[in-house]
Structures are given as structure tokens and as C-alpha cells.
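One structure is given here, and the rest of the page talks about it.
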2 protein chains.
Amino acid sequence: MESFTEENYLKAIYHLSLLSNGTVQTNAIAEKIKTKPASVTDMMKKLADKNLVDYIKYQGVSLTEKGKLTAIGIVRKHRLWELFLVQSLGFKWDEVHEIAEELEHVNSDLLIRRLDEFLGYPKRDPHGDPIPDQQGNFEESAVTKLSKLQPGEQGTIIGVTEHSAEFLKYLEKTGLTLGTQISVEDINPFDGSIELLLEQKKISISKEVAKNLLMKL
Amino acid sequence: MESFTEENYLKAIYHLSLLSNGTVQTNAIAEKIKTKPASVTDMMKKLADKNLVDYIKYQGVSLTEKGKLTAIGIVRKHRLWELFLVQSLGFKWDEVHEIAEELEHVNSDLLIRRLDEFLGYPKRDPHGDPIPDQQGNFEESAVTKLSKLQPGEQGTIIGVTEHSAEFLKYLEKTGLTLGTQISVEDINPFDGSIELLLEQKKISISKEVAKNLLMKL
DNA sequence: ATATAAAGTTAGGCAAATCTAAATAAATAC
DNA sequence: GTATTTATTTAGATTTGCCTAACTTTATAT
Ligand SMILES: [Mn+2]
Ligand SMILES: [Mn+2]
Ligand SMILES: [Mn+2]
Ligand SMILES: [Mn+2]
């Protein structure tokens, strides 16, 4: 059994490893988890002892198969709880992350299976992220960042890669919610900001925002 | 904000203080929380510093008003989660205690208010215990232990004072569930065991069991 | 009232997780 | 290719919660 803290480290490594091809740097983990690099080094030794990560001094870490399965299990719990909060308890999508961050550590397989059943074996969380099944399997659908689209192209928003309340609230206010269809009208060559057509209305968003929106074409 | 551990201590002290008129012994806490008396002493000093308990060396502790409110808040969370597990996720009453023991520490007032609303502002948990409202108020209905009844008297089971899975499973199997009406037929003078009439059937239970069943007459 | 037992506390340590400051290795720059 | 910057690790402490063993206080028994 992993501690609360170990679980948070494993999850952080997992998320970071999806961006960099498997290997994750000490500093990246420290930043993600809001701790200091020295603490990360300590923990990496511990996780390596437990066979949850492969760790080579100065070279970064990667999850072992066991570590990866554990991490995916936590992600599964996190996303199921988020969906429960939104779907059953009436929370908004920008209010659930912090609470799920705690709920994900409650330790009962039966609880999670029942929650999964209660929610009808959902495939996506409120942010469009896939929910792994009990075996840890999930399909990552083919997605494109909105920032990659060219003028004239269009698609539907199916996910976000940034989960902060500020960002999600901004999307909500602007109307950029999951399932919304948009088309790219123009790209400003100066700052990369993008003109969109969203339900008849023209709006402009920054490149930064566009990078965090996932589209189905 | 109290730590996970501090919350468990406060809750233990609260439950114990209901049995002894307010003051609780070090050893009783140690036993309840499955730790050693020395650890309890350490924690009592800490809780006293935080103004959560009044502590006099060698004389035991009692909750301050602040400590009591905190403890009742945890009890509220515990019982709401237990009811959710039984009512929404299909758990049995003997399966929920351990899980609620973890869920009760999830820290979000909004979450608990929403859960309360979702469950329809319930007044009782699956074991018949009252669920405090947001202000910490609840009515303890007038109850009598089954062990106090005399032959010829009858009543309805409305609660239990022991929450172990073994005990609850035994009750389930025997048919002694909440809401069941029973009458006392005879009391064995030798060991205090009790003959009951339960839905036409005669059964016998030990004094030990009877002490842990709460009745409405 | 003294002796013994029970209850409670203190002293001294340990493990987990964290931090700061100092040292070392790797990457990058010129 | 050396010098500097950046990344990482080590050393040494701190905090929280827990433990054992020894000591002190309070309760009980005769
Ligand atoms: Mn977490
Ligand atoms: Mn999510
Ligand atoms: Mn608990
Ligand atoms: Mn209960």
C-alpha cells in the first residue's frame, strides 16, 4: 500500500511522463507537486526501493509497470470522483479538482467499483479526460490542440489540458465548454492569438489558451 | 485546520465523553484509537495548546466548545458518507464504517452540504445514529437499551452502539435489523441471556448483544 | 496507613516527509 | 575545451506522530 504522498508523486510522474517520452526530471516533479528538488530526490529513492520507478541518479525517473498501474489507478479514482461531483452533486467543472485530489486517496476497491457502476461506467470525466477501467485500459481518442488548427478549419472542443479553476472559469464565461463547435477564422501573426467563430459570434483567444484546448476535427 | 490524526482523536474523545460525563481517560482514548497511552498524552498536550481540549495532567481531558463542534462536524461527515454508501452505492450496513472512517477527513464544507442535500437532509445514518446538521444540532431520541427491558415489554430496534462488521452481520443474519419490532419473552437468570419474539419466531440473544441494541418503546 | 496495583507521564528514539545550504554533476556558452 | 549556468544530490535539521522503558501519581486493598 502506498501512502497519500507516494500516490501524489506517482500520479505527478505519470502525467509528466505523457509529455516527455517516459523519463521525467527531478525539477519538473518538484514544480508539479509544489515541493523542493531535494524532497523529490529523497522520494525517488524510496519509490525505486519499492519498485515503482526506475531511477538513475542525475538521469531522471520513469515509472515501472507496477508504478504505472498504480498511477493509472489513482487517475481513475480522481476522474470518477470528479464526474460524481459534477453529475450527482451539482458542482461546476472548475470546482472539482481540489476535492478529487483528496478523494482519490480513499482506499477501497469496492468503493470505486460501486462508484463506477453508479455513474454508469463513464468513459470521460468533466474535463474530457478518459477514465481508465478497472484494468487500467482507456482509449485516448485522436485529438488536436486548437493551436494547431489553420484558418478555415473547424472542430469540437473535447478536452482541456489545464485544470485550474481560473482557466476553466474563463472558458465557461467565454462559452468554450466541452462539446462546443468552433471554426478558426484568422490567426494574428504578431502574437499568435486566434479569431474564432463560436455559435455565430466572433471571439478572440490567446495562443496560450488555444494550446490548452483539445479538439476533435 | 486539524490534521487527519487530530480529527480522529477529537472524534474518539467525543464518543467516549458521551459515556462518561464529559471527562475522558488517557487509557480509554488509547484503546479506542489503537495507540499507546504515551502517544495520547503527547496529543492531549497538542490539542490543549490548540484550545480543542481542556487537559489536566493525571485527571483526564474534556472537549472545549471549539473541540466539541469540530468533533461533531466529523461525526456529521462520517454519518452522511455512511448513508451515501448504503443508500446510493448499495453497500450493506456492516461494510461502510471503515470507508467512512477515511471519507470523513475529506476537507470541503461545500462537498458535505451538497452531499447532505443530495441525500435529502437525512436525520439518521444506517445504524440509527443521528446526523448532526450544519450547526452541529441533532436530537437524540429517547432510547432504551434492550438489556433494560423486562419480560412482557416490547419495542422497535432503532440503533446500535457497536459498529463492528461482525456484530452487524450477526444482527443481519438473525433478523435484528433497524425498524424490527420485538418483545422480550424471558430472561435467563443464569447468564442474563434474553428470549425474544421476533416476527412470530422465538430467538435467544446474549446479554452482550442486548446491551448494544437501542430500542424505542 | 502503608503496600501494591493501575493509570498516566516523561525521556529518549525512530520513521516519514519536508526544508535549507552546500556540494557535485551535466549542460551550455563562448 | 574551459567557464559558467542549471540541474541534481547530499548533509544536516525540523515536524508530526508513534513507540518502549522508566518514573510518578492516583487508586485500591488489607
Ligand atoms: Mn492527491
Ligand atoms: Mn479532470
Ligand atoms: Mn477517521
Ligand atoms: Mn454509523
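By convention in this document, chain letters (A, B, ...) are assigned in the order of the sequence lines, proteins followed by strands, and residues within each chain are numbered from 1. What you see is a predicted model, and the numbers here were worked out from it, not measured in a lab.
- Here the C1' atom of nucleotide D:dT16 and the NZ atom of B:Lys50 are 11 Å apart, to the nearest Å.
- Using the six-membered ring where Trp is involved, A:Phe84 and B:Phe84 have ring planes that are tilted, between 30° and 60° apart.
- The interatomic distance linking A:Phe4 (CZ) with C:dA15 (P) rounds to 24 Å, in whole Å.
- Distance CD1 (A:Ile56) to C1' (D:dA7): 16 Å, rounded to an integer number of Å.
- Using a distance-only test at 3.5 Å, with no hydrogens or angles considered, a donor-acceptor pair links the side chain of B:Arg114 to the main chain of A:Gly90.
- In this structure, A:Tyr55 reaches the sugar-phosphate backbone alone: every heavy-atom distance under 4.0 Å involves primed, P, OP1 or OP2 atoms, never a base.
- Between D:dT8 and A:Asn27, a contact under 4.0 Å exists linking OP1 or OP2 to a side-chain N or O.
- The CD atom of B:Gln25 sits 9 Å away from the C1' atom of C:dA7 (whole-angstrom rounding).
- At least one donor-acceptor pair closer than 3.5 Å links the side chain of B:Glu102 to the backbone N or O of A:Asn107.
- For D:dT24, the OP1/OP2 oxygens have no side-chain nitrogen or oxygen of B:Lys57 closer than 4.0 Å.
- The shortest side-chain heavy-atom distance between B:Leu171 and B:Asn212 does not fall under the 4.5 Å cut-off.
- In this structure, B:Asp133 does not pair ionically with B:Lys123, as no charged nitrogen and carboxylate oxygen lie closer than 4.0 Å.
- A straight line from NZ of A:Lys45 to P of D:dA11 spans 8 Å, rounded to a whole angstrom.
- The side chain of B:Thr26 places an N or O atom within less than 4.0 Å of a non-bridging phosphate oxygen (OP1 or OP2) of C:dT9.
- For the salt bridge (Lys or Arg N to Asp or Glu O under 4.0 Å) with B:Glu104, the lone residue among B:Arg79, B:Lys11, B:Lys77 that qualifies is B:Lys11.
- Nearer to the 5' terminus of DNA chain C, by closest-nucleotide assignment, is the contact made by B:Val40 (compared with the other of A:Glu6 and B:Val40).
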List, with names and distances, any nitrogen or oxygen atoms from the protein found under 3.5 Å away from nitrogen or oxygen atoms belonging to nucleotides 18-25 of chain C.
| from | atom 1 | to | atom 2 | distance (Å) |
| --- | --- | --- | --- | --- |
| C:dT18 | OP2 | A:Tyr9 | OH | 3.3 |
| C:dC19 | OP2 | A:Thr35 | OG1 | 2.6 |
| C:dC19 | OP2 | A:Lys36 | N | 3.1 |
| C:dC19 | OP2 | A:Ser39 | OG | 2.8 |

